[in-house]
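Written out below as structure tokens is the structure these notes cover.
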Amino acid sequence: MDLKRGSSSHSAYHLRSNLPEGEERRTLSVLVDNEAGVLARVIGLFSGRGYNIESLTVTETDHTGHLSRITVVTTGTPMVLEQIKAQLDRMIPIHRVRDLTSEGPSVQRELALVKVANTGEHRVESLRLKDAFRAQVVDATLESFVFELTGAPDKIDAFVDLMRPLGLVDVSRTGVAAISRGPEGM
Amino acid sequence: MSDTMTGAEIVIKALIDQGVEVVFGYPGGAVLPIYDELFKQNSIKHVLVRHEQGATHAAEGYARSTGKPGVVLVTSGPGATNAVTGLQDALMDSIPMICLTGQVPTFMIGNDAFQEADTIGITRPCTKHNWLVKDTDELAETMHEAFFVATHGRPGPVLVDIPKDVQFADGNYTPPRNVKPRAYNPRVKAEASSIQAAVELMEAAKKPLFYTGGGVINSGPQASQLLRDLVDATGFPVTSTLMGLGAYPASGDKWLGMLGMHGSYEANWAMHDCDVMICVGARFDDRITGRLDAFAPNSKKIHIDIDPSSINKNVRADVPIVGDVAHVLEDMIRIFRSRGAKTDQAGVADWWKIIAEWQAKKCFNFKNSDTLIKPQYAVQRLAAAMQNHGDYYVTTEVGQHQMWAAQYIPFNAPNRWMTSGGLGTMGYGVPAAVGVQMAHPDSLVVDVAGEASFLMTMQEMSTAVQYRLPIKIFILNNERLGMVRQWQELLHGERYSSSYSEALPDFVKLAEAFGCVGLRCDKPGDLDGAIDEMIKVDQPVIFDCLVEKHENCFPMIPSGKAHNDMLLGDADEEEISNAIKSDGAVMV
């Protein structure tokens, strides 16, 4: 086994916490009209004004109401983060912008599909780790697995990191979906 | 109630129902059905420009001088891409504009058809919003929505892209009642508590200052009146950005002149030293603030803006007030009066004494000449002649002449001054003058120009001739790209890289070739007579005013410097070269 001890300590989890001084990470939930080009508008705003996107997910959440929900994880100084929210809020097809990080507790989840190709001891170890992370096997051959894993981004980072020496082939991640805790809606 | 008609008919009907009187445009394959409908009616005038960029600036001039949205109609592909500069210009200066573009038919979109461009993709970042209409039944509603978005909240340009098959197909027309985007509801009325907090700051201020901007003009003539009322009620001094000139009259006794990079000495020092700044419809642009960490360091800042994203963008506001200027000023005056109209009169009187010392510097003085026309002198004489004439509208190009126009021409009413502030678009002035003159056919409309800017859009003289628009192009001809040359002199060791036009047309002959009047003047003594002649002629005029070639525009806050580091015209060369260090040179 060529597994580094405590490998998750040098994983992306560590990198994620390591923001430049004065910068913060925020998860924003954005309710938009589900119309052509709306995602391009949002992405164009971020790239045009030099804002960061760490994660972005979007899909229709209300078919009859023609509404989509965008979850974007971004970083910046408090002043820039306020700008991002104000710039999003004034776009015509955007209904609401919520800062899930600063407006109370929220739940964040990401789904990942992780493919490993291995045999022998590596195969056994990857299955043990799968159980430890409560991942599922969604595809198997004699020399590969596809694991499905749900969790906070750092949990997925840690799992992917552990799979790397065990024959990691591919990772597909959905990006973060997030929602506020408690009875209130957006 | 709805009627069935073709898409092209719907476009025209929607324009009429929205009160549109003038459209600036240029036909082409993908808008021919709309032009066919224009041909069949008489209520909308169409102005055929000579380049689509001209249509956009003409619409801006029209909008800026009337308060109504400007309308542009151009074809697909190059028609749309040529309109991009004007769209971005209108976005930066918050000008309401509706740009209608033709598009290849829906079934050809994405196939690299003739004159196809991804207009929506290209114009997404340079419009407030844009729409591609794929179904004729949605056209009327989209048109009305476009007018709503362009004119509500912070105004701006919008674009509706209409494929040719959508123009031909039949669809339902719906009138403009209650059509607005479901998620867009800009706030016009501000919270009383924030206005009260602002009034409390104003009551205690010892060194207050109003810093006003284009938002006052955009809010409508009532906002300008309310600003005057509030200035009168408080006795506080007032300065303005380039875009806000005319909201408070230049003849008013509380006026300190324009502020910013080439603003007045007194306005910039007052900004630096004030203790309460009341920003009304301005956005703390880098031309205004200079070095941010030295910007008005001892002041509490009240910021009134209809666009929440303008607040706390560059400068943190102590009292942010989100709302329309007219609504906010009305409430502010009411609250101020209801609390007894109190100010620190002794403190403010001392403040005025300090300001009087700055005013005594006479920062706009310049060394005049008996033999050469100084550009400042030319603008002064133009201003005097225009004032003798009565009401006047001024457009400009971009550069030194623009700053001299802002410094030396007094504006006593809003909507009289049309200039490209945010984007700084050379070539803005000629087409903008066309748009202004269309809206005000009997008024004096002068484009204060430089010869280089004029050459960028001079083909619109042909438009002016065709529609008998007696615009006056007053060119301060120094045969240089004056502002570029000034920066090269001050920042780049006098290496005049490509800032000199080695070939220029004979502007008098050019005027004659266009079928308008050309005048030339190169002697200070002849200037007044020549300007009077220009104003008297009831035709478009190109006035070639040959001026001193190496004059610099002062006062100037060197880039990267603070307000109290500003240079006056009488600064010696060593002082100038020491003032501008390489760390400032990286700024524009």
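In what follows, chains are A, B, ... by sequence order, proteins preceding strands, each numbered from 1.
With sequence neighbours left out, A/Thr174 forms a side chain to side chain contact (heavy atoms under 4.5 Å, CB included) with A/Glu110, A/Leu111. Under the side chain to side chain contact (heavy atoms under 4.5 Å, CB included) criterion, A/Ala140 pairs with A/Val137, A/Phe145, not counting sequence neighbours. Partners of A/Ala178 according to the side chain to side chain contact (heavy atoms under 4.5 Å, CB included) rule, which considers only residues two or more places apart in sequence or in another chain, are A/Thr27, A/Thr71, A/Leu100, A/Gln108, A/Val176.
For A/Ile179, the CD1 atom counts as loosely surrounded, since its 6.0 Å shell holds 12 or fewer non-hydrogen atoms of other residues, nucleotides or ligands.
Looking at B/Ile311, only its backbone comes within 4.5 Å of chain A, counting heavy atoms on both sides. In this structure, the portion of B/Pro181 lying under 4.5 Å from any heavy atom of chain A is its side chain and not its backbone.
Ring centroids of A/Phe147 and A/Phe133 are separated by 6.0 Å or more, keeping the two rings apart.
Between A/Arg128 and A/Asp131 there is no salt bridge, since no side-chain nitrogen of the basic residue lies less than 4.0 Å from a carboxylate oxygen of the acidic one.
With chain B as partner, the option from A/Leu45, A/Ile84, A/Val80, A/Ile92 having the largest number of non-hydrogen pairs under 4.5 angstrom is A/Ile92.
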Show me the donor-acceptor pairs under 3.5 Å between chain A and chain B.
from, atom 1, to, atom 2, distance (Å)
A/Asp33, OD1, B/Arg182, NE, 2.7
A/Asp33, OD1, B/Arg182, NH2, 2.6
A/Arg41, NH1, B/Asn130, OD1, 3.1
A/Arg41, NH2, B/Asn130, O, 2.9
A/Arg41, NH2, B/Asn130, OD1, 2.8
A/Gly65, O, B/Arg182, NH1, 3.1
A/Gly65, O, B/Arg182, NH2, 2.7
A/His66, O, B/Arg182, NH2, 3.2
A/Gln83, NE2, B/Ser309, O, 2.5
A/Arg90, NE, B/Ser309, OG, 3.4
A/Arg90, NH1, B/Asp307, OD2, 2.5

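Proximity of A/Val169 to A/Ser144: side-chain heavy atoms (C-beta onward) are nowhere separated by under 4.5 Å.
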